[in-house]
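Read through the structure below, which is laid out as C-alpha cells, and then see the notes.
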Amino acid sequence: MRRVAALAIAILCTFAAVGAISADQSNTGCGIGTMIFEGKDGLLSQISAATTNGTFGNQTFGITSGTVNCKKASSFVAYEKLNKFVGDNMDNLAMDMSKGSGEYLSTLAVLLDVPVEKRAQLYSVLQTNFSKIYTSESVTHIDVLNNIEAVLSAS
Amino acid sequence: MNCSRGSVRTVLPICALPLLILLLAASSAHARPIQPPEDPYVQTLLDDARRAELSEDPFWHTLLHYKGSILGLRSLVDDPKFFLVVDGKSDPEAELEATIRAFFRPVVENEEHPVCRFVARYDWLKTKLTIDESRLPLSRCRPFEELLEQIKPESVTLIFPASHMNSPASMYGHTLLTIRTVFDSDLLSYAVNYSAISDETFGPLYIVKGLLGSYKGYFSILPYYAKLQEYSDVNDRDIWEYPLDLNAEEVRRLLMHVYEMQNIYADYLFFNENCSYDLLFLLDAARPNLNLTDHCAWWVIPLDTIREVKKSGLVREAVYRPSRSTKIKHLASALTESGRRDALRIVNGTLEPEEFLKRETANEEKITVCELASEHLQYKHAKGELAKEPYVGRFMKTLNARSTLGETGDDWARQIPAPIRPDEGHHSNRVSLGFGVDDEDRTFQEIRLRPAYHTLLDNDAGYKPGSQIVFTDFVLRYYSQDGKLELEALNLIDIVSIAPRDDFFKHTSWKIRTDLYRRTMRNGEDYLVYRLNPGFGLAYENRFLGLCYAMLETELHVGGALDGNYSAGAGGSAGILKNVTDSWKIHLFAGDVYYGLGDSDILITVGLGQNLRISPDMSLSVELVGSRDDQDSGLESIIRWNAFF
C-alpha cells in the first residue's frame, strides 16, 4: 500500500496542473468514439487517393495542433502533451487500460513520468479501477485524467 | 511576323522594328535588376561564395531541390515563395547570392526573417562562409529553436505502410519518416509526410488531376499516433518501420530542412515526384553526399526507395507493426469456433459481456474473447460499419468485462509472427524468357518485360497473397517455323485483389484489366484487339485447397478485325491459388465468357500455372492453358525463366 502511495504522490504532482484545466468550463473534452480522420473508404475515393497518396482535410504543420475534433485545453503547455494524447486516443487507451498492458498505456506512463520499475504497479491499479476511470459512455478525456488522479490518491 | 508588302527599302526597317523590340526585351530579361550599393562585408561574402563555387555544391542543390532536366538545372519546387529571386528556380547562383543578401535584411515586424525562413540554408552558409553573426540583424531563429525544444528529436525512422488487400489507394504502399523524441514512446514520435493536398472531393477527375500533376504536394507533420489512426487502424495496413542510422547533428539538419519546406509546394506527380521521392530530399539534407535523389527514374515506387536507402547503409533493422485486422485474425485463430462465435455475438450486440463472464469458460479464453471483441468493435466503427451510439455502449461494456479478468502477462500484439519483409521480396521489374507451343502447335520463344510490380503466380514473400498489380507487361513472341516476330500482348493495367472472407471480414474481391491481346477470329487468324475486363467476386481461404475465388466478369473488345469492330460479353471465372511449399505455388483456373454483342463467340479457358522460386529474384514458371471457342480448341504450354531487378 505504501509503495502505491509513493507512486501516487509522484503522479499527483503532475496532476496539480491538469486538475486546474477541468475548472475551465468551456473545454468540452474528447469522448469515446471520436475519430481524428473520418474514414473515407469507398472504392472511388480509394482509387483517387492512390494517385496522390493524399490524406484529406487537415494536413497542417501539426506540431502544436493535435486534437482536431476537440477543443484544446488551456494554456498549460507542459501538460498539453498529456492532454492531447489522452484526448486523441480515448478508445485505444481505454482498451490498453482494461488489458493492463499495451503501447498506449505505456505512453501514458511515459507522459506521467512514471519510472519503468513502477509501471507494472501503475497498470495493475488502473486496470482494477477501470470502471472508476472510464465511468460512463459519455466520459471525456478531462474526466479520465481527473479520475486517474482520484484513483491514485485514494489508493 | 507579317511585314506589309511594299518596296524593300521601306519594308526592311518596318520588319526590323519588331525584331529590335524583341532583342531589347530579351536582353533586359537577362540583365540583373539594378542593386543598391553593396555593403562591403556582404560583398566579401559574395566574392567568397563565388570563389568557393558554392552554387555548384551538391548540398546547395539538395537544399534547393535542383535537378537536371532537358531545360537545364531546375528546382523541383514550384512555389515562388521558395525562391528569393525571380529566376531562382533555374539559377542556383542567383538564388545563392540573393540568399546571402537576404540574411542582412532588416527585421520586419510580423514577417519571418530569411535567417529563420531558410534556416537550413543559413546553417550551411554560416559555416561555409564563416559569417560573423554579430553583423547580422538576426542570428538565431527562435521559432525553430522552440520547435526543437518541443520535439527534442533523437532519431529518425523510415516508415512503410504496406499495401492492403482490396485497397487500390495503398497498392504501392507509401513512405514517411518519423522523428523519435526524447519521450520513450513511438506513439509520441512526429510523422513527416509528403502528399498532395486538395480541397476537392474524390472522383474520376481527382484521379486524372493527380496523375497529371495538377495538385500541390506539401510536407506536413503530425503526431505519429494520428498517422497510425489513418493507416494501421483504419486502413488495415501492416506497417514496417526501418530505424535509420542518423546521428543527432544529422537529425537536426533534417528537421531544419523540413522547417524550410513548410507550406511550400511542389507539383505532385504520381509517377516520379511522389510521396516517396520527395521524402528522400530530407535524407539528402540530413547527410551531405548521400544523394539518394540522384537516382533518376521515370517512375518511383515507394518500396524501391526503401531499397535505395538500404543500399546507402542507413537502415539498421526492420520492425513489424501489425494492423488491426492482422491483430484480429491472430486473436481469432487462437480461439475455438465457439469462442469466435461468442466474440462476434458480443460485437453485434446479441451477447452481453456480463452474461458471457458468468460462463464456465477458462479465464484465458474469456480474456481472448473480450480482447477480440473490443478490437473488432473498434475496427467496425472506424470503417463506418457500426454507428457511434451502439459502438460506444458495447465497447465500454466489453472493456469493463475485460478489466475484471486480470492480466495475461504477455503482450500478444508483440508476438504476432512477422511476415517476410517487403524489401526482401522480389524486386519490382521483371524480365521473362520463355519458350512454348501455342494452341496451333507452333513453337515459339517469348520475351516479356514488366516494369511493375507483382502477379498472382509470383512468389508471395514480401507481398500480399492474392494480389496482382501490373502496370505494363510487354510480350513479344518469335515463331521459329514461320520466322515471325509478333507482339503477343501489351498489358497496360492488370490489377487483381483476391481477399478471403471469413466470420470477421466480408471483403469483396475484384479485378480490372486493360490490354492489347491476341484473339482468334472466326477465320482462325488471330489479331490484336483492345480489351477492357472488369470483374468482382468472392474468395475464401481453405486450409487444404488454399485461396479459392470466383468472379463475375464483363469484357469489351475493340478492334478492326472484329465484326462491327467490337465485341462485348459477360461471364465468370474461378480459381484456386495454393502455396504448396514456400517456394512452389500453383494456380488452377477456369473461365467462361459469352460474347453476345458485336462479334459474338463463346470462350472457355482452363489452365494450370506453376511457379518455382529459385532465389528471391529468380523463378521458373510453367503454364498450361486450354481454350475452346465456337470454332476451335487448343492447348498452349509455356515454360518461363523470370528474373527480377
Side-chain angles (χ1 to χ4, degrees), chain A residues 31-33 35-56 58-66 68 77 81 84-85 88-89 91-92 94-95 97-104 106-107 110-111 116 123-124 127-131 134 136-139, chain B residues 147 150-151 167-172 174 183-188 190 193 195-198 202-204 206-207 210-211 215 218 220-223 225-226 229-230 234-235 262-263 268 270 274-275 371 374-375 378 381-384 388 391-393 395-396 399-400 402-403 406-408 411 413:
Chain A
I32 305 264
M35 290 201 289
I36 294 185
F37 297 104
E38 293 300 314
K40 277 192 169 68
D41 256 353
L43 190 63
L44 198 56
S45 57
Q46 291 280 325
I47 297 172
S48 312
T51 57
T52 59
N53 241 308
T55 47
F56 7 76
N58 216 344
Q59 276 283 320
T60 57
F61 224 65
I63 307 238
T64 46
S65 72
V68 177
V77 177
K81 248 188 160 60
K84 267 188 309 214
F85 178 74
D88 286 342
N89 296 285
D91 302 34
N92 280 324
M95 197 155 64
M97 208 180 279
S98 75
K99 281 162 43 181
S101 67
E103 212 179 3
Y104 290 83
S106 61
T107 302
V110 165
L111 287 169
V116 180
Y123 301 160
S124 185
Q127 185 192 35
T128 315
N129 291 284
F130 179 79
S131 51
Y134 280 85
S136 75
E137 291 177 26
S138 52
V139 73
Chain B
L147 186 74
Q150 180 152 21
I151 291 188
S167 160
S170 70
M171 263 182 331
Y172 286 113
H174 180 54
F183 288 100
D184 185 22
S185 162
D186 281 338
L187 295 178
L188 296 175
Y190 283 97
N193 187 63
S195 62
I197 308 300
S198 146
F202 289 135
Y206 190 97
I207 302 171
L211 287 169
Y215 287 123
Y218 286 91
S220 58
I221 294 190
L222 276 182
Y225 63 70
Q229 284 187 35
E230 202 176 74
V234 179
N235 283 5
Q262 69 175 299
N263 298 319
Y268 189 96
F270 172 70
N274 56 28
C275 60
E371 291 185 6
S374 47
E375 293 274 0
Q378 269 200 275
H381 175 58
K383 274 214 127 38
K388 186 162 167 177
Y391 160 71
V392 177
F395 188 60
M396 289 307 289
L399 294 188
N400 272 315
R402 173 64 188 89
S403 70
E407 294 170 57
T408 53
D411 193 359

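First the proteins, then the strands, lettered A, B, ... as listed; each starts at 1. For clarity, every value in this text was computed on a predicted model and none was experimentally measured.
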Of all heavy-atom pairs between A/Tyr134 and B/Met396, which one has the smallest distance, and what is that distance?
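So the minimum-distance heavy-atom pair works out to CB-CE, 3.4 Å.
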Contact between [X] and [Y] at the side-chain level, heavy atoms closer than 4.5 Å - yes or no?
| X | Y | result |
| --- | --- | --- |
| B/Phe395 | A/Asp91 | yes |
| B/Thr408 | A/Lys99 | no |
| B/Glu407 | A/Ser124 | yes |
| A/Leu111 | B/Leu188 | yes |

Would you compute the distance between atom CG of B/Leu187 and atom CD of A/Glu103 and round it to the nearest 0.5 angstrom?
4.0 Å
Look only at the side chain of B/Gln378 and the backbone of A/Met95, and say whether a donor-acceptor pair between them is shorter than 3.5 Å.
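Checking the backbone N and O of A/Met95 against the side chain of B/Gln378, no donor-acceptor pair under 3.5 Å is found.
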Listed by chain and number, what are the side-chain hydrogen bond (donor to acceptor under 3.5 Å, both in side chains) partners of A/Thr107, not counting sequence neighbours?
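Expected list: B/Ser185.
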